**Q** 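I am attaching a structure below and will ask some questions about it afterwards.
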Amino acid sequence: MSEGSLLAAQVRAARALLGWSQGYLAEGANVSRSTIADLEGDKREPHEASLFVIMNELASAGINFTERGVEFREFPPRQYVPTGIAQKRNK
């Protein structure tokens, strides 16, 4: 499995663990849903800044990225609202 394919699978798995849709992660990371879809489909890697924000949101939600996949840092996971969504709620 290539590094890109592993990353694609990890992001899909992280969303599944959290119960997040592509749209919810995209909104929370302030990127387009197509950015998430293309990343998960291993079609293209997003810009470095976008990838950093996506990975940071998933890590902030309690996801650990491992060599084999993803896992919760602690269980049960704590409630987390992604930054982009929290900012919209506070306006």
Side-chain angles (χ1 to χ4, degrees):
M1 182 178 279
S2 73
E3 188 174 317
S5 295
L6 176 60
L7 180 61
Q10 287 175 315
V11 171
R12 277 193 311 273
R15 276 194 318 97
L17 281 175
L18 295 166
W20 292 2
S21 66
Q22 286 181 343
Y24 189 78
L25 174 56
E27 185 178 358
N30 291 314
V31 299
S32 69
R33 195 200 61 74
S34 65
T35 296
I36 303 297
D38 287 350
L39 169 61
E40 290 183 1
D42 200 19
K43 293 180 181 173
R44 68 175 174 87
E45 188 172 311
H47 295 290
E48 190 174 324
S50 296
L51 184 59
F52 175 81
V53 173
I54 292 165
M55 302 302 282
N56 189 59
E57 287 298 335
L58 294 169
S60 294
I63 298 294
N64 277 342
F65 291 83
T66 69
E67 291 178 5
R68 291 191 223 173
V70 295
E71 62 189 15
F72 281 120
R73 187 173 307 119
E74 59 186 47
F75 197 85
R78 65 180 175 81
Q79 194 72 336
Y80 178 78
V81 176
T83 304
I85 294 169
Q87 289 172 342
K88 289 178 183 175
R89 289 181 181 172
N90 292 328
K91 284 187 176 181

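In this chain, residues are counted from 1 in sequence order. Owing to the predicted nature of the structure, the values given are computational and were not obtained by experimental measurement.
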**Q** Count I, L, V, M, F, W, Y as connected when their side-chain heavy atoms are under 4.5 Å apart, and connections chain through other members. Are Val53 and Leu58 then in the same cluster?
**A** no
**Q** Got more than 12 heavy atoms from elsewhere within 6.0 Å of CZ, Arg68?
**A** no
**Q** Where the side chain of Arg12 meets the backbone of Glu40, is there a donor-acceptor pair that is under 3.5 Å apart?
**A** yes
**Q** For the side chain of Arg73 and the backbone of Ala59, is there at least one donor-acceptor N/O pair under 3.5 Å apart?
**A** yes
**Q** Applying side chain to side chain contact (heavy atoms under 4.5 Å, CB included) to Leu51 and Leu7, what does each step give before you reach the verdict?
**A** CA-CA 10 Å; Leu51 184 59; Leu7 180 61; 3.9 Å; yes
**Q** Is the shortest side-chain heavy-atom distance between Arg33 and Leu25 below 4.5 Å?
**A** no
**Q** State whether the side chain of Asn56 and the backbone N or O of Phe52 hold a donor-acceptor pair below 3.5 Å, judged by distance alone.
**A** no
**Q** Nearest 0.5 Å, please: how far is CG in Leu39 from CD in Glu45?
**A** 7.5 Å
**Q** Can you find a heavy atom in the side chain of Phe72 that is under 4.5 Å from one in the side chain of Ile63?
**A** yes
**Q** Looking only at heavy atoms, which two atoms of Ile36 and Ala26 are closest? And how far apart?
**A** CG1-CB, 3.8 Å
**Q** Quick one: are Thr83 and Asn30 in side-chain contact, heavy atoms under 4.5 Å?
**A** no
**Q** Are the side chain of Gln10 and the backbone N or O of Gly69 linked by a donor-acceptor pair below 3.5 Å?
**A** yes
**Q** What is the distance from atom OG1 of Thr35 to atom NZ of Lys43, rounded to the nearest 0.5 Å?
**A** 12.0 Å
**Q** Mind running side chain to side chain contact (heavy atoms under 4.5 Å, CB included) on Tyr80 and Leu18 for me, showing each step along the way?
**A** CA-CA 9 Å; Tyr80 178 78; Leu18 295 166; over 6 Å; no
